[in-house]
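Everything numeric here is computed off the predicted structure, so don't read it as measured data.
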Amino acid sequence: QVQLVQSGGGLVQVEGSLRLSCAASGRTFSNYNMGWFRRAPGKERDFVAAIRRSDGSAYYADSVKGRFTISRDNAKNTLYLQMNSLKAEDTAVYYCAAGSGSYYYSYGYGYWGQGTQVTVSS
C-alpha cells in the first residue's frame with residue numbers, strides 16, 4: 001500500500017546538521033502514523049520521533065528533543081527528519097516507517113524504509 005525510500009544520510013561532525021528524507025509512493029502517507037527509528041551499533045531499534053495521523057501531533061524521544069524536528073510535506077508525500085546539534089551518540093542507522101498502530105513501538109508500523117547510515121564524528 002505504501003513504499004518508502006530514504007535519502008540524506010552521511011558523515012557529519014559533532015554539532016553539525018543533517019536532514020533525512022523519506023519519500024512515499026502508493027497510498028498517501030497522510031493515512032498513516034509516520035515515524036523515525038534508529039539502531040545504534042550493538043543495540044535494538046529505538047523510537048526517535050513520530051507524527052500521529054489522527055491530529056498531526058509530533059512526538060520525540062527525550063534524547064533528541066530540542067535538537068531534532070520531524071515534519072511532513074503532504075503535497076510531496078515526503079517525511080523529513082531535521083537533525084541539529086548532532087552528538088556522537090546519534091550515530092546509527094535511521095529508518096522511516098508508516099503504520100496504523102502505536103506510534104511509539106516498532107510493532108505499530110507495517111511499512112519501513114531501507115535505512116540510511118548517519119555517522120557523527122568527534
Side-chain angles (χ1 to χ4, degrees):
Q1 290 185 304
V2 60
Q3 296 79 45
L4 305 175
V5 178
Q6 299 179 225
S7 62
L11 175 65
V12 297
Q13 291 187 318
V14 170
E15 298 298 326
S17 297
L18 202 62
R19 189 177 75 162
L20 305 183
S21 298
C22 177
S25 61
R27 193 174 182 87
T28 55
F29 71 15
S30 61
N31 293 292
Y32 300 93
N33 298 330
M34 299 297 299
W36 291 96
F37 290 76
R38 66 187 182 186
R39 190 192 304 275
K43 298 182 179 180
E44 298 300 315
R45 185 157 54 192
D46 289 328
F47 171 78
V48 176
I51 295 178
R52 194 168 65 183
R53 173 195 178 278
S54 58
D55 60 4
S57 296
Y59 300 88
Y60 298 93
D62 288 342
S63 59
V64 307
K65 197 172 298 180
R67 300 187 297 118
F68 290 11
T69 303
I70 186 171
S71 62
R72 65 185 180 192
D73 186 331
N74 289 338
K76 297 180 179 179
N77 224 26
T78 300
L79 181 75
Y80 302 97
L81 185 68
Q82 178 66 48
M83 304 184 292
N84 298 326
S85 302
L86 284 161
K87 304 175 180 180
E89 51 263 45
D90 294 318
T91 295
V93 176
Y94 285 71
Y95 300 86
C96 66
S100 301
S102 170
Y103 72 83
Y104 181 81
Y105 295 105
S106 295
Y107 61 71
Y109 296 84
Y111 304 96
W112 293 85
Q114 80 277 19
T116 187
Q117 177 71 46
V118 172
T119 302
V120 184
S121 63
S122 300

* Asked: Do the charged groups of Lys65 and Asp62 touch, with an N to O distance under 4.0 Å?
  -> yes
Cut-off 3.5 Å, no hydrogens considered: what does the side-chain donor-acceptor table look like for residues 6-24, sequence neighbours left out?
residue: Gln6; atom: OE1; partner: Cys96; partner atom: N; Å: 3.1
residue: Gln6; atom: OE1; partner: Gly115; partner atom: N; Å: 3.0
residue: Gln6; atom: NE2; partner: Tyr94; partner atom: O; Å: 2.8
residue: Ser17; atom: OG; partner: Asn84; partner atom: OD1; Å: 2.9

* Asked: How far apart are the closest heavy atoms of Arg53 and Asn31, and which atoms are they?
  -> CD-O, 2.8 Å
* Asked: Does Glu89 CD have over 12 foreign heavy atoms under 6.0 Å away?
  -> yes
* Smallest separation among heavy atoms of Ala50 and Tyr109, with atom names -> CB-OH, 3.6 Å
* Partner of Phe37 under ring pair (Phe, Tyr, Trp, His ring centres under 6.0 Å), chosen from Tyr95, Tyr103, Trp112, Tyr107 -> Trp112
* To do: Locate the shortest heavy-atom distance separating Tyr32 from Arg72; write the atom from each residue and the value.
  => O-NH1, 4.3 Å
* Candidate pair Leu79 and Trp36, rule side chain to side chain contact (heavy atoms under 4.5 Å, CB included), full reasoning -> CA-CA 9 Å; Leu79 181 75; Trp36 291 96; 3.3 Å; yes
* With side chain to side chain contact (heavy atoms under 4.5 Å, CB included) as the test, would you mind laying out the steps for Met83 and Val118 before giving the verdict? => CA-CA 10 Å; Met83 304 184 292; Val118 172; 3.9 Å; yes
* Asked: Under the 4.5 Å side-chain heavy-atom rule for ILVMFWY, direct or indirect, which residues accompany Val5?
  -> none
* Structure fact -> Minimal heavy-atom distance between Ala58 and Ile70, with the atoms involved, is CB-CG2, 3.9 Å
* Asked: Rounded to the nearest 0.5 Å, how far apart are OH of Tyr104 and CG of Asp46?
  -> 7.5 Å
* Are Phe47 and Tyr59 an aromatic pair by the rule of ring centers under 6.0 Å? -> no
* Distance (rounded to the nearest 0.5 Å) between Ser122 OG and Lys87 NZ -> 13.0 Å
* Other ILVMFWY residues reachable from Tyr80 by side-chain steps of under 4.5 Å -> none
* **Stepwise side chain to side chain contact (heavy atoms under 4.5 Å, CB included) check, Arg38 with Val64** => CA-CA 12 Å; Arg38 66 187 182 186; Val64 307; 3.9 Å; yes
* Structure fact -> One should read off an interatomic distance between Met34 CE and Thr78 OG1, to the nearest 0.5 angstrom, of 9.5 Å
* Asked: Leu86 and Phe68: side chain to side chain contact (heavy atoms under 4.5 Å, CB included), yes or no, with the steps?
  -> CA-CA 9 Å; Leu86 284 161; Phe68 290 11; 3.8 Å; yes
* Interatomic spacing from OG in Ser100 to CG in Asn33 - rounded to 0.5 Å -> 7.0 Å
* Structure fact -> Heavy-atom nearest pair, Ala49 first then Tyr60, reads CB-CD2, 3.7 Å
* Minimum-distance pair of heavy atoms, taken over all atoms of Gln117 and Thr119 -> NE2-OG1, 3.2 Å
